[in-house]
Amino acid sequence: NAVSDAASVVTAMLAEHDTAQEAVPAGWFGSEPAMREAARSRVFLDALLGSLDTAVVACDENGRLILFNRQMRRISGGVDDYTTTPDQWPGRHNAYHPDGRPMLVEELPLMRALNGEHLHSTRMMIRRDGEPDRYYLCNGRQLKADDGVVLGAVMDVHEVTEMVRSSRFKDCEVAVA
């Protein structure tokens, strides 16, 4: 499952980052080999997430986006900025429930995962002016360190627009027949 794999990677990286900040002597991050290794790790993670066909997004314990792969950028409208608060997340105002009601910040799947809800195939619709509605299934979970401290949340997102449209078409055919 992509969300479990991503959750493991993100949890390990966040825990490693927190441990490194606490345990490493001042000045260590200033060394060139350490900086190269940190940059290499980030480049590797970005390449890994970018190679997935699945959209993946992760946030820290405060809701600040920390991972946002290219598929997720496409879903959110191509925005590249990482913002500090969930109400400013890229594409946040385009998120709707499948029945057309706008999602409140606390209803966003990643926020629900951050708040401890384990999401499996949670439905979401993205609506943008001048474009047809797009439908997605979201899987997400909270990320915790070994000691139980919440590190953030991770979510994978799968587009199911064609399945939704096919189902509606079949419903219309049955209604007309």
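Predicted model only: the values in this text are computed from it and were never measured. Scope of the values below: all heavy atoms of this structure, side chains included, with no hydrogens, waters or symmetry mates.
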Peer 1: Go through Lys144 and Leu151 one step at a time and tell me if the side chain to side chain contact (heavy atoms under 4.5 Å, CB included) criterion holds.
Peer 2: CA-CA 5 Å; Lys144 292 184 179 183; Leu151 300 172; 5.8 Å; no
Peer 1: Taking all atoms of both residues into account, what is the closest heavy-atom pair of Met124 and Ala95, and its distance?
Peer 2: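 Looking at all heavy atoms of both residues, the shortest contact is SD-CB, 4.3 Å.
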Peer 1: If you measure from CD on Gln71 to CG on Asp156, what distance do you get to the nearest 0.5 Å?
Peer 2: 11.5 Å
Peer 1: Just by modelled atom types, is the Leu114 backbone N or O under 3.5 Å from a matching donor or acceptor in the Gln142 side chain?
Peer 2: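 Yes; at least one donor-acceptor contact below 3.5 Å.
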Peer 1: Backbone N or O of His97 within a donor-acceptor pair of the Arg123 side chain at under 3.5 Å?
Peer 2: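 The answer is no, because no donor-acceptor pair under 3.5 Å joins these two groups.
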Peer 1: So does Asp147 have more than 12 non-hydrogen atoms from other groups sitting under 6.0 Å from CG?
Peer 2: yes
Peer 1: Test side chain to side chain contact (heavy atoms under 4.5 Å, CB included) on Ile126 and Ile75; report intermediate values, then the result.
Peer 2: CA-CA 8 Å; Ile126 299 294; Ile75 291 170; 4.2 Å; yes
Peer 1: Nearest 0.5 Å, please: how far is CZ in Arg128 from CZ in Arg134?
Peer 2: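 Going from the CZ atom of Arg134 to the CZ atom of Arg128 covers 9.0 Å.
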Peer 1: Output yes when a side-chain donor or acceptor of Asn62 lies under 3.5 Å from a complementary backbone atom of Arg64, and no otherwise.
Peer 2: no
Peer 1: Go through the structure and list residues passing salt bridge (Lys or Arg N to Asp or Glu O under 4.0 Å) with Glu107, not counting sequence neighbours.
Peer 2: none
Peer 1: Taking only residues two or more places apart in sequence, or in another chain, which ones meet Glu106 in a side chain to side chain donor-acceptor pair (under 3.5 Å)?
Peer 2: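 Glu106 satisfies side chain to side chain donor-acceptor pair (under 3.5 Å) with no residue once adjacent residues are dropped.
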Peer 1: Enter the distance from Arg101:CZ to Met125:CE here, rounded to the nearest 0.5 Å.
Peer 2: 10.0 Å
Peer 1: Rounded to the nearest 0.5 Å, what separation is found between the SG atom of Cys59 and the CG atom of Leu110?
Peer 2: 4.0 Å
Peer 1: How long is the straight-line distance from OG of Ser121 back to NE2 of His158, given to the nearest 0.5 Å?
Peer 2: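 Spacing of NE2 (His158) from OG (Ser121) equals 8.0 Å.
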Peer 1: So, the side chain of Asn69 versus the backbone of Val56: is there a donor-acceptor pair under 3.5 Å, distance only?
Peer 2: yes
Peer 1: Please determine whether side chain to side chain contact (heavy atoms under 4.5 Å, CB included) holds for the pair Val150 and Leu143, giving the CA-CA distance in whole Å, both sets of side-chain angles, and the decisive distance to 0.1 Å.
Peer 2: CA-CA 6 Å; Val150 175; Leu143 301 172; over 6 Å; no
Peer 1: So do the side chains of Met155 and Asn139 get within less than 4.5 Å of each other, counting heavy atoms only?
Peer 2: no
Peer 1: Are Leu108 and Leu104 joined in one hydrophobic group, where the rule is that I, L, V, M, F, W and Y side chains link up if heavy atoms are under 4.5 Å apart?
Peer 2: no
Peer 1: Closer than 3.5 angstrom, by distance alone: can the side chain of Thr161 be matched with the main-chain N or O of Tyr135 as a donor-acceptor pair?
Peer 2: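 Yes, Thr161 side chain to Tyr135 backbone: donor-acceptor pair under 3.5 Å.
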Peer 1: Walk me through whether Arg112 and Thr122 qualify under side chain to side chain contact (heavy atoms under 4.5 Å, CB included).
Peer 2: CA-CA 10 Å; Arg112 290 171 53 193; Thr122 298; 3.3 Å; yes
Peer 1: Please examine the side chains of Arg74 and Glu159, heavy atoms only from C-beta on, and report whether any two atoms are closer than 4.5 Å.
Peer 2: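 The answer is yes; the side chains approach within 4.5 Å.
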Peer 1: If every non-hydrogen atom of Leu119 is compared with every non-hydrogen atom of Pro109, which pair is closest and at what distance?
Peer 2: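 The answer is CD1-O, 3.0 Å.
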Peer 1: Of all residues at least two apart in sequence or in a different chain, which pass the salt bridge (Lys or Arg N to Asp or Glu O under 4.0 Å) check with Arg127?
Peer 2: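 Salt bridge (Lys or Arg N to Asp or Glu O under 4.0 Å) list for Arg127, sorted by chain: Asp133.
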